[in-house]
Amino acid sequence: MAIRLAPFIHMTDERFDISRRKALAALGTIGVASAGAGLGTSAYFSDQETFENNQLTAGTLDLGVGYSTHYSDWSDGEGDGVSVRMYDGAAGETGSASDLESDETGLPANDAWLIAVDDPDTFLANTLQNEVTNGGCDGVAAATNADGESAIIDLGDVKPGDFGEVTFDLELCTNPGYVWMNNPNGYTADEGGTTEPEEDDPDEGSGVELMDVVQAAVWLDDGDNYQDGGESPLLVDSLGNVLDALNTDNGVRIDGVNKPIADASPTDFTRAGVTRFDTGGDGSYDADIELVDDPAGGSGRVAHATSGGVATNDYVTTGVSLPSEPTLGDLTDDPTNPTTTLTYEYYGGPENGTSAPDEVYLLIEEADGTRHVVYRASNDGAPADETWKTRNVHREVAGNPDNNAGFNWMNISTGGTNIGGGGPTSDLSDTFGDDAVVLAMAAGRGTTGGGDTLDTYYRNPSVGGSSVGSFPAACFRGETEFSAAFAWWVPVDHGNEIQSDSVEFDLGFYTEQCRHNDGSGMNNDAVDDDQTDDESGQSGPSTTVTVQGFPSGDDLGASIETVNVDFPGVDSVDSFGSDNWSVGPGVAPSVTIDGTTVELDYPTNSSNTYTADTYLELTVTVSGSSGSYDADFVFEDDDDSAVDDTDSFTI
């Protein structure tokens, strides 16, 4: 198996177009979608096009990009200056954050690691493949340095145990926007023929095993190329499933996640970014973090926990990693004037219910690597003061709170138990040790019952008086760099069944304006150079359908080489074949999704011929407006491209 990963990006009319090149293995062409936008007929500014020469002057929305890539194939020099420990669990498994020692970082990700290292920066320097710096914003336009053809990774002979990652450094120019990572053009998976060892492998099947074997993860990163602090995967699954998720609707919004409270883990509450919790169980998420102007009239924009002016049972957090990792000892050595302070500011709005600032969450790591998520409530009551206040979290950590002394620290990781026997004077260093460190902090607002109206603002999380950035919101701020990581790995228990397999795919980023927009997304349909946004249409609901097609009489006896099936819009191919699909044993096609067409390309084989009983059954997930549609089958030999059969289905 070989791997090629390369972006081919060119600028046309202030829009990045993604072109595709054949990849030879587990990862493929990666492009970055970005654009300017002006005044036009689309619902929101987005990255699809630029509207020019209108009578009004509109704002702009442009996305700049840089990237860095790393690849580990266990070559000499990778471990220079680094202590490396390989995961020794069961075959096919990866380690989790709980398996790491206190001074270790898991790669490719803490939540799914093959190796643990004590110095991730040195290891990544040893495995760096390519790096292009984001040029930032030049006026209103993105001065990206990723223009033109620039190979990210070009690798061969990738084997089980190898892994790699790509971190994209992004920046929105002038205006804030929602951002999605996507796979706008689907993927092409190819069996690449079947070697003798591959045929003998008990895991060898009729599909392209690579898509199930290779694993992938996506997370919002702080730009250091590895998962740390409060960072947690937005996606982690097989490569095929991750690409399918990125190819659904607009892809995956990278600001945060939606979580049913029943499925939430403790670290979801300290996740870097925004985490919206459905606590009512109705499938809706009525609590969110908006990016808004300072309610006190100051400069800059702040995070706003809101429920839209109505009472809700839902909950939301906004979390930041703390790169300096302050120790509990430094936060508690003097209850009123410690060596290190930990603070943030909050503002209760006029519609706020009974709680402000509500909960603060901390991700604490003990000296032995054990992690805990703890929280403490605070309540200024109602009506709100409508003024900025400072929450001295370090005083609460030391058991000497300067506000709302009646609240206790609670440990979510142990089922919500009181810490230190309960009581507001519990010193967290007495429970977890002076050398325990705080990896992340989050502000939480909402309720799990009874209903509350959310109208609380947050800003300026700080350690030792130094800002650690801004509390994240659903929208990314303009002219502020942020990063997203895509990692992949080949588990060590797989081998021959993926020999010669390959997949080609694109990665992109889609952005829309935040103003007058709820972030549900308009569309990410790929557009041609001569196609305007309003011509591209919008995707409708997704439906899994099964269709059957029979070849024409003039195809009988011909070789089965290529089959095309046209749909209104294809998200994924779930299965293909039938009991009477007359291909030879061990023969699998390459599967390509090209817009509305599924193409199966079979290797030349004299036993693959159309007979009177031949028919193809194909199950796919399709998107489109509700209605009835026809799937057109074209069973081609050398020059026959006429429609041979049609089957109907309903969305």
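Sequential numbering from 1 along the given sequence is applied to the chain's residues.
Residues meeting the side chain to side chain donor-acceptor pair (under 3.5 Å) test with Arg477, sequence neighbours left out: none. By the salt bridge (Lys or Arg N to Asp or Glu O under 4.0 Å) test, Asp293 pairs with Arg301, sequence neighbours left out.
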Passes side-chain hydrogen bond (donor to acceptor under 3.5 Å, both in side chains), Asp455 versus His304? Steps please.
CA-CA 7 Å; Asp455 184 22; His304 179 213; 2.7 Å; yes
Show your working on side-chain hydrogen bond (donor to acceptor under 3.5 Å, both in side chains) between Thr546 and Thr619 and close with a plain yes or no.
CA-CA 4 Å; Thr546 299; Thr619 300; 2.8 Å; yes
Would you please test Thr327 and Asp434 for side chain to side chain contact (heavy atoms under 4.5 Å, CB included) and show each step?
CA-CA 6 Å; Thr327 67; Asp434 285 341; over 6 Å; no
Evaluate side-chain hydrogen bond (donor to acceptor under 3.5 Å, both in side chains) for Thr275 paired with Asp268, printing each intermediate quantity in order.
CA-CA 7 Å; Thr275 306; Asp268 284 326; 5.7 Å; no
Go through the steps for Met410 and Asn418 under the test side chain to side chain contact (heavy atoms under 4.5 Å, CB included), then give the verdict.
CA-CA 5 Å; Met410 310 292 287; Asn418 277 308; 2.9 Å; yes
Yes or no on side chain to side chain contact (heavy atoms under 4.5 Å, CB included) for Glu386 and Tyr347, after CA distance, side-chain angles and deciding distance?
CA-CA 6 Å; Glu386 294 186 56; Tyr347 180 110; 3.5 Å; yes
Take Ile419 and Asn408, measure what side chain to side chain contact (heavy atoms under 4.5 Å, CB included) needs, and give me the verdict at the end.
CA-CA 7 Å; Ile419 294 176; Asn408 306 334; over 6 Å; no
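Residues in residues 215-226 take part in no salt bridge (Lys or Arg N to Asp or Glu O under 4.0 Å) pair, two or more places apart or across chains.
For Ser321 (side chain) and Pro323 (main-chain N/O), no donor-acceptor pair under 3.5 Å exists by modelled atom type. When atom types are taken as modelled, the side chain of Ser467 and the backbone of Gly469 share a donor-acceptor pair closer than 3.5 angstrom. Remark: the backbone N or O of Ala356 is not paired with any side-chain donor or acceptor of Arg445 at under 3.5 angstrom. Panel note: side chain Trp488, backbone Val166; no donor-acceptor pair is recorded below 3.5 Å. Under the 3.5 Å distance criterion, the side-chain polar atoms of Ser102 are matched with a main-chain donor or acceptor of Ala367. Counting only distance, with no hydrogens or angles, the side chain of Tyr457 and the backbone of Tyr346 share no donor-acceptor pair below 3.5 Å. The main-chain N or O of Ser96 is found under 3.5 Å from a side-chain atom of Trp113 such that the two form a donor-acceptor pair. Asn247 places a side-chain N or O within 3.5 Å of a backbone atom of Asn183 that can act as its donor or acceptor partner. Counting only distance, with no hydrogens or angles, the side chain of Thr543 and the backbone of Val622 share no donor-acceptor pair below 3.5 Å.
With respect to Glu345, the side-chain hydrogen bond (donor to acceptor under 3.5 Å, both in side chains) criterion is satisfied by exactly one of Arg391, Lys389, Arg459: Arg459. Shown are Thr431, Asn411, Thr267; of these, the side-chain hydrogen bond (donor to acceptor under 3.5 Å, both in side chains) with His372 is made only by Asn411. Just one residue in the list Leu331, Asp330, Thr332, Val397 forms a side-chain contact (heavy atoms from CB on, under 4.5 Å) with Ser429, and that residue is Thr332. Val438 pairs with exactly one of Thr270, Val393, Leu328 by the side-chain contact (heavy atoms from CB on, under 4.5 Å) rule, that one being Leu328. With Trp180 as reference, Tyr510 is the one residue of Tyr510, Phe476, Phe509 to meet the ring pair (Phe, Tyr, Trp, His ring centres under 6.0 Å) rule.
Expressed to the nearest 0.5 Å, how far CG of Asp314 lies from CG of Asp452 amounts to 12.0 Å. The structure places OH of Tyr178 at 10.5 Å from OG1 of Thr511, a figure rounded to the nearest 0.5 Å. Atom CG of Asn379 sits about 9.5 Å away from atom CD of Glu359, to the nearest 0.5 Å. The CG atom of Asp244 lies 11.0 Å from the CG atom of Leu235; values are rounded to the nearest 0.5 Å. Annotation: the span from Tyr315 atom OH to Asp286 atom CG amounts to 15.5 Å, rounded to 0.5 Å. A distance of 9.5 Å separates CD of Glu101 from CD of Glu365, quoted to the nearest 0.5 Å.
Side-chain contact check for Trp388 versus Val302: some heavy-atom pair is nearer than 4.5 Å. Asp278 has its side chain out of reach of Asn258: every pair of non-hydrogen atoms, C-beta onward, lies at least 4.5 Å apart. For the pair Ser378 and Val360, the minimum side-chain heavy-atom distance is 4.5 Å or more. Put simply, the side chain of Gln227 reaches to within 4.5 Å of the side chain of Pro233, judged on heavy atoms. Under the 4.5 Å side-chain criterion, counting only non-hydrogen atoms from C-beta, Ser462 is not in contact with Thr341. Under the 4.5 Å side-chain criterion, counting only non-hydrogen atoms from C-beta, Pro461 is in contact with Phe471. Taking the side chain as every heavy atom from C-beta outward, Phe432 and Val374 approach each other to under 4.5 Å. Counting heavy atoms from C-beta on, the side chains of Asp294 and Ser299 never come closer than 4.5 Å.
Considering all non-hydrogen atoms of both residues, Thr447 and Thr312 come closest at CG2-O, 3.2 Å. Heavy-atom minimum distance, Ala436 versus Ile364: CB-CG2, 4.0 Å. Minimum heavy-atom separation, Val252 to Ala245: CG2-O, 4.1 Å. Gly309 and Thr453 get closest at one heavy-atom pair: C-CG2, 3.9 Å. Counting all heavy atoms, side chain and backbone alike, Leu220 lies closest to Gly273 at CD2-CA, 4.2 Å. Nearest heavy atom pair, residue Leu100 against residue Ala116, reads CD2-CB, 3.7 Å.
Salt bridge Arg276/Asp255: present, at least one basic N to carboxylate O contact under 4.0 Å.
With hydrogens and angles left out, the side-chain atoms of Asp169 and Ser483 include a donor and acceptor closer than 3.5 Å.
Aromatic ring pairs are classed by plane angle as parallel below 30°, tilted from 30° to 60° and perpendicular above 60°; the pair Phe649 and Tyr629 is parallel. The aromatic rings of Phe277 and Phe269 lie parallel to each other, with less than 30° between the two planes, well short of the 60° mark.
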